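As structure tokens, the structure follows; a few thoughts come after it.
Ligands are counted one by one from 1 in listed order, and the atoms in each one are counted from 1 as well. Note that the structure is a prediction, hence the values are computed from the model and not measured.
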Amino acid sequence: MYTEGISEATAKQKTWTMPQLVAQKGQTPIVMVTAYDATMAKLVDDYVDVILIGDSLGMVVQGHSNTIPVTLEEIIYHSRMVARASRHACVVADMPFMSYQASVEEAVRSAGRLLKEGHAHAIKLEGGLPIVPQVRAIVDAGIPVVGHLGVTPQSIHALGGYGKQGKSDAGAKALLEAALALDGAGCSMLVLENILHELAQEVTQSVRACTIGIGAGPHCDGQVQVFHDLVGMFPDFTPRHAKRFFEGGAGIRTAMEAYAKEVRSGKFLSK
Ligand code: KIV
């Protein structure tokens, strides 16, 4: 059991299940954050309701310029570490690019592996109407599904950038239509990334699923952020929607500088 550093009360706390979280819609806002390994999971687990093993790990952990290269094997590897260390949060694993788009059967098998081998409790996939059959089949296989609309980073080459989606009347109508279809197919949650606040509000009021915003304003049923953005540990790029609560990157640099100085001067091992 991986319980060091976790209070007795927290160790006894039940893990959030997806149905319990969905039942919270419209009540206490749901807190979701990404984590990619056991240490991170232990640090965040006491404070959040959902931990997402996001394919953002392709950028903030692996150093790629987008999420496209991330593989199913890699998400399984990271998900297993997170699931091993979390006690309280519902663990959601991202389905990476090309693990679900090609066919319904492949989507169900990939989702199944994320639960069976990655020990996740639910999966997340990106996209609207074209992936509704996949969502329905995954839900029918007994796997809770989180959808993802608006800016869908796996489609970055088709979208042409990370700018706000659903700005035109036609775009907003299409996004609402997609949200309703995903909701009807059984999604438990819908991540809404970088869309107009009023559109996020309309979607939130129109669906049974819990909406989780990232750059989508205050009217969603919950919020999600990338861990590294919250703690100042991703120097390459700071999204406009990110709020930094801690200068982790600067703190680590200061610690490393002090360590290197002590070793080089001989002070490190001297009494
Ligand atoms: O990959 C990820 O971390 C995500 C969140 C930003 C929602 O999809």
Taking non-hydrogen atoms only, is H148 closer than 4.0 angstrom to ligand 1 via side chain, backbone, both or neither?
side chain
Interfacing atoms of ligand 1 (cut-off 4.0 Å, heavy-atom, G54)
1 (O), 2 (C), 3 (O)
SB check D45 R87 (cutoff 4.0 Å):
no
Test item: side-chain donor near acceptor, Q101 and Q134, under 3.5 Å:
no
In terms of the angle between their ring planes, are Y36 and H228 parallel, tilted or perpendicular, with boundaries placed at 30° and 60°?
tilted
Contact region, D94 to ligand 1, non-hydrogen atoms below 4.0 Å, reads side chain
In the protein, what heavy atom is nearest to atom 5 (C) of ligand 1, and what distance, to one decimal place, separates them?
L52 CD2, 3.7 Å
How about E117 and Y77: does a side-chain donor come under 3.5 Å of a side-chain acceptor?
no
Taking every heavy atom of I195 against every heavy atom of G150, the minimum-distance pair comes out as CG2-CA, 3.6 Å
Applying a 4.0 Å heavy-atom criterion (strictly less than), which segment of K124 is in contact with ligand 1: side chain, backbone, both, or neither?
side chain
Part of D55 with heavy atoms under 4.0 Å of ligand 1, whether side chain, backbone, both or neither:
both
Salt bridge or not between E257 and R253? Use side-chain N to carboxylate O under 4.0 Å.
no
I214 contact mode with ligand 1 (heavy-atom cut-off under 4.0 Å)
side chain
Are any of the N or O atoms of S56 closer than 3.5 Å to those of ligand 1?
yes
Atoms of ligand 1 under 4.0 Å from any heavy atom of T34, numbered from 1 in the order shown, are 3 (O)
Passes side-chain hydrogen bond (donor to acceptor under 3.5 Å, both in side chains), N194 versus Q165? Steps please.
CA-CA 7 Å; N194 210 10; Q165 294 297 305; over 6 Å; no
